Amino acid sequence: TSIRDLSGYHNEIVFYQAGAVEPQVNTTVVDSVKRVKKDTAALAVKRDTVKVKMEYDRSSSVVIYGNRAIQIFTVSSEGPQEYVDMVNMYEEVFDSLDIFCLVAPTQTDFYLPAEYKKSSNYEGRMIDSIYSGLYADIHTVDAYGELARHTREYIYFNTDHHWTGRCAYYAYVAFCKSADLKPYPL
């Protein structure tokens with residue numbers, strides 16, 4: 001038995017959607033996997049094939065735009081503050097060290113069409129909010145601004161939110177600016 005079989009991955013596409021609803025129109029047949037915990041192992045158990053209507057869900061939506069699959073950016077109301085508190089705690093605990101904070105932006109703000117953005121879905125605003133809550137001794141890294149200058153280049157993979165090597169290089173350049181270092185050229 002392979003890990004793919006245990007995980008419910010087969011030759012067909014498998015959709016995972018929390019809170020699926022009864023079909024009304026435009027239904028799609030999908031498989032789903034239910035995780036069942038036993039003493040020390042989590043076993044994946046394949047349920048019956050079900051029909052669900054894929055509805056817009058802010059927490060797990062992906063927009064296909066051009067040749068890109070862009071996940072809708074969402075953030076909880078307490079998430080940024082918890083992050084700020086954690087980074088500030090590092091500054092308190094490691095007060096003899098220089099603390100740098102780089103919040104890594106996804107491709108959402110750069111490539112998602114405007115009609116899918118809501119005021120709470122702007123990653124740049126959330127990053128600015130985080131940086132404004134940090135202690136003054138913490139060095140912030142403007143990776144967002146650096147990446148924004150290079151959006152005509154291939155800096156994000158087309159089908160997920162991960163950076164390409166080039167994107168990581170530009171974030172490194174942003175770090176070097178914040179740390180007063182000279183970056184190595186490409």
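All values reported here derive from a predicted model rather than from experimental measurement. We number each residue from 1, following the sequence as shown.
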J.: Return the set of residues passing side-chain contact (heavy atoms from CB on, under 4.5 Å) with Ala168 (not counting sequence neighbours), or none when no residue passes.
T.: Trp163

J.: Glu82: what forms a side chain to side chain donor-acceptor pair (under 3.5 Å) with it, not counting sequence neighbours?
T.: none

J.: Going by side-chain contact (heavy atoms from CB on, under 4.5 Å), name the residues that satisfy it together with Ala148, two or more places apart in sequence or in a different chain.
T.: Phe110

J.: Of all residues at least two apart in sequence or in a different chain, which pass the side-chain contact (heavy atoms from CB on, under 4.5 Å) check with Glu153?
T.: His150, Ile155, Arg166, Tyr170

J.: By ring pair (Phe, Tyr, Trp, His ring centres under 6.0 Å), which residues pair with Tyr83, not counting sequence neighbours?
T.: none

J.: Using a 3.5 Å cut-off and no angle test, enumerate the donor-acceptor pairs between side-chain atoms of residues 177-186 and protein atoms at least two apart in sequence or in another chain.
T.:
| residue | atom | partner | partner atom | Å |
| --- | --- | --- | --- | --- |
| Lys177 | NZ | Glu146 | OE1 | 2.8 |
| Ser178 | OG | Thr140 | O | 2.9 |

J.: Name all residues meeting the side-chain contact (heavy atoms from CB on, under 4.5 Å) criterion together with Tyr154; count only those two or more places apart in sequence or in a different chain, and write none if there are none.
T.: Phe157, Asn158, Thr164

J.: Mind checking what makes ring pair (Phe, Tyr, Trp, His ring centres under 6.0 Å) contact with Phe175, not counting sequence neighbours?
T.: Phe100

J.: For Asp109, enumerate each residue passing the side chain to side chain donor-acceptor pair (under 3.5 Å) test, keeping only those at least two apart in sequence or located in another chain.
T.: Tyr144

J.: Just to verify, what does Tyr111 make a side chain to side chain donor-acceptor pair (under 3.5 Å) with, not counting sequence neighbours?
T.: none

J.: Kindly state each residue pair satisfying salt bridge (charged side-chain N to carboxylate O under 4.0 Å, His left out) with at least one member in residues 92-107, sequence neighbours excluded.
T.: none

J.: Under the side chain to side chain donor-acceptor pair (under 3.5 Å) rule, collect the residues that match up with His162, sequence neighbours excluded.
T.: Asp160

